[in-house]
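Keep in mind that this is a model prediction, so the values were computed, not measured. Reckoned from all heavy atoms, side chains included, excluding hydrogens, waters and symmetry mates.
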Amino acid sequence: MNSPMFSFQWLPFVFLIFLSSVSAALINIPRPESYTTFRQRYVINSKYWGGATSNTPILAYFGAEAPLDGALCDIGFLADNAQQFQALILYIEHRYYGKSIPFRTREEAFRNASTLGYFNSAQAIADYAEIITHVKETRHANNSPVIVIGGSYGGMLASWFRLKYPHVALGALASSAPILYFDDITPQNGYYSIVSKDFKANSVTLASATHRKIRKMSDGTDTQVKVQIVNKCKEASETCYQTIKKSWSEIDKAASQPGGLSSLTKEFKTCRPLTKSSELKAYLKKMYAHVAQYNHPPDYPVTIVCSGIDGAPSNASILEKIFVGLVAYRRNSSCYVDEPRSIPETS
């Protein structure tokens, strides 16, 4: 087809509350009555579409807690499969993000509990149902099956959408979606257990990279030397994990000493004086979780942190090694921990 790759479009929307009285009571969401409309953004990629009469599928990507713009280029999975199935790709922006802002401005939309009452997942999937239906009607694609797709929170929305609107979507693909991460279903330490495993498993990543490097050695390289290199690499990663594990008690121990918090403030170059050890521990915990969650090429941030920790001088203390790992990842900065920052749209 000769249609443009991306077609940015808007749909006026109606505020509606779809929560039951029970669920509303549980999460304490106000229930204002409103039929005020706002413009919601969606994007269509019809490059690979087989056309209205082909009954080929529609792949609907559910925007999550961010503007839609980045997803258009980053989600290659959609284009790869659209080509194979001659599918129409539909990207939908989540209300209250990007250009899909109710009440005209973000400031007004986030002003109070009444305006925030429309900012919830039930409203979001209702938006998606309306837009998918609208697109199918305007594109005369009523017989095209719909597969909804999302990642993380967007994946949770895709799963809930399939349950709530089975007449709209034939299936859902939820990538990295913690749909079972609720009380009495999944152990609540499950996420950080996986983070710990990532740092343990970093030895596998390092060893694999080392294997690739030593393959390039001349054939005359002693096999025993190659094995020693891999083993040393693995030992270094295990040392990184153990150093992090021991650091938690070391932070508490240092903080309990006279002037301990002041010393930690100086040692970690915090942006403001620490008032309790948990502030530093929370910052490091968040950093480790972030690098584990986004530990992908080309940088492999877990490897960067561990390279810093393991590359510290041999006579460095545990906390000194942790700080070197922090700097390796965060790069040189005037200060760390609670750095001044502008409030992002995803906060």
Side-chain angles (χ1 to χ4, degrees), residues 1 3-18 34-49 57-79 82 87-111 115-141 144 146-158 160-161 164-165 168-169 172-175 177 342-347:
M1 299 185 64
S3 53
M5 181 178 295
F6 291 115
S7 173
F8 290 81
Q9 301 188 38
W10 302 82
L11 186 66
F13 249 88
V14 177
F15 281 123
L16 292 173
I17 295 293
F18 293 91
S34 175
Y35 294 92
T36 304
T37 62
F38 74 100
R39 284 157 55 89
Q40 185 154 8
R41 183 169 62 156
Y42 65 93
V43 179
I44 291 176
N45 180 347
S46 55
K47 179 179 180 179
Y48 308 107
W49 191 37
I58 296 174
L59 304 181
Y61 174 79
F62 285 178
E65 70 280 18
L68 188 61
D69 307 79
L72 302 180
C73 298
D74 295 343
I75 314 298
F77 173 86
L78 291 165
L88 179 73
I89 307 177
L90 171 63
Y91 304 83
I92 310 175
E93 190 165 65
H94 195 296
R95 59 166 56 198
Y96 284 76
Y97 290 104
K99 298 185 182 300
S100 301
I101 305 296
F103 304 104
R104 295 177 297 280
T105 66
R106 291 191 75 233
E107 290 73 18
E108 183 66 18
F110 288 83
R111 183 169 57 88
T115 57
L116 283 171
Y118 302 105
F119 188 14
N120 59 72
S121 58
Q123 289 284 304
I125 62 175
D127 293 344
Y128 298 154
E130 187 70 20
I131 290 178
I132 290 172
T133 302
H134 170 76
V135 169
K136 292 186 72 173
E137 290 177 351
T138 56
R139 294 273 170 163
H140 307 291
S144 292
V146 176
I147 305 297
V148 295
I149 300 167
S152 192
Y153 167 57
M156 298 174 77
L157 294 176
W160 295 334
F161 186 93
K164 178 75 173 180
Y165 302 99
V168 178
L173 192 157
S175 176
S342 59
I343 299 176
E345 191 167 320
T346 54
S347 65

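- For Phe110 and Tyr96, the gap between ring centers is short of 6.0 Å.
- The CD1 atom of Ile149 sits 13.5 Å away from atom CG of Leu157, with the distance rounded to the nearest 0.5 Å.
- Contact check for Tyr97 versus Arg41: no side-chain heavy atoms found under the 4.5 Å cut-off.
- The side-chain contact (heavy atoms from CB on, under 4.5 Å) check on Ala64 picks up Tyr153, with sequence neighbours excluded.
- Here the closest heavy-atom approach between residue Ala172 and residue Ala158 is recorded as CB-O, 3.4 Å.
- Ring planes of Tyr165 and Phe161: tilted class, angle from 30 to 60°.
- Put simply, the side chain of Arg95 gets close to the backbone of Tyr118: a donor and an acceptor are under 3.5 Å apart.
- The side-chain contact (heavy atoms from CB on, under 4.5 Å) check on Ala60 picks up Phe62, Leu90, Ile132, Val146, Val148, with sequence neighbours excluded.
- In this structure, the separation between OG on Ser100 and CG on Leu68 is 7.5 Å, given to the nearest 0.5 Å.
- Looking at heavy atoms from C-beta onward, Val135 lies in side-chain contact with Leu88 at the 4.5 angstrom threshold.
- Minimum heavy-atom separation, Ala109 to Pro102: CB-O, 3.4 Å.
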Chi angles and distances behind the side-chain contact (heavy atoms from CB on, under 4.5 Å) call for Tyr128, Tyr42
CA-CA 10 Å; Tyr128 298 154; Tyr42 65 93; over 6 Å; no

Audit row: Ile58, Arg139, side-chain contact (heavy atoms from CB on, under 4.5 Å) steps and yes/no:
CA-CA 11 Å; Ile58 296 174; Arg139 294 273 170 163; over 6 Å; no

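- In this structure a side-chain-to-backbone donor-acceptor pair under 3.5 Å is missing from Glu93 to Gln40.
- Not a single donor-acceptor pair under 3.5 Å links the side chain of Ser46 to the backbone N or O of Trp49.
- Rounding to the nearest 0.5 Å gives a distance of 10.0 Å between CG of Leu72 and CG of Leu78.
- Every residue two or more places apart in sequence or in another chain that forms a side-chain contact (heavy atoms from CB on, under 4.5 Å) with Glu137 is listed here: Thr133, Asn142.
- A distance of 12.0 Å separates CD1 in Ile101 from CD in Glu108, rounded to the nearest 0.5 Å.
- Considering only residues two or more places apart in sequence or on other chains, Ala82 meets the side-chain contact (heavy atoms from CB on, under 4.5 Å) condition with Tyr48, Leu59, Ala87, Ile89.
- Atom CD1 of Ile75 sits about 13.0 Å away from atom CG of Asn45, to the nearest 0.5 Å.
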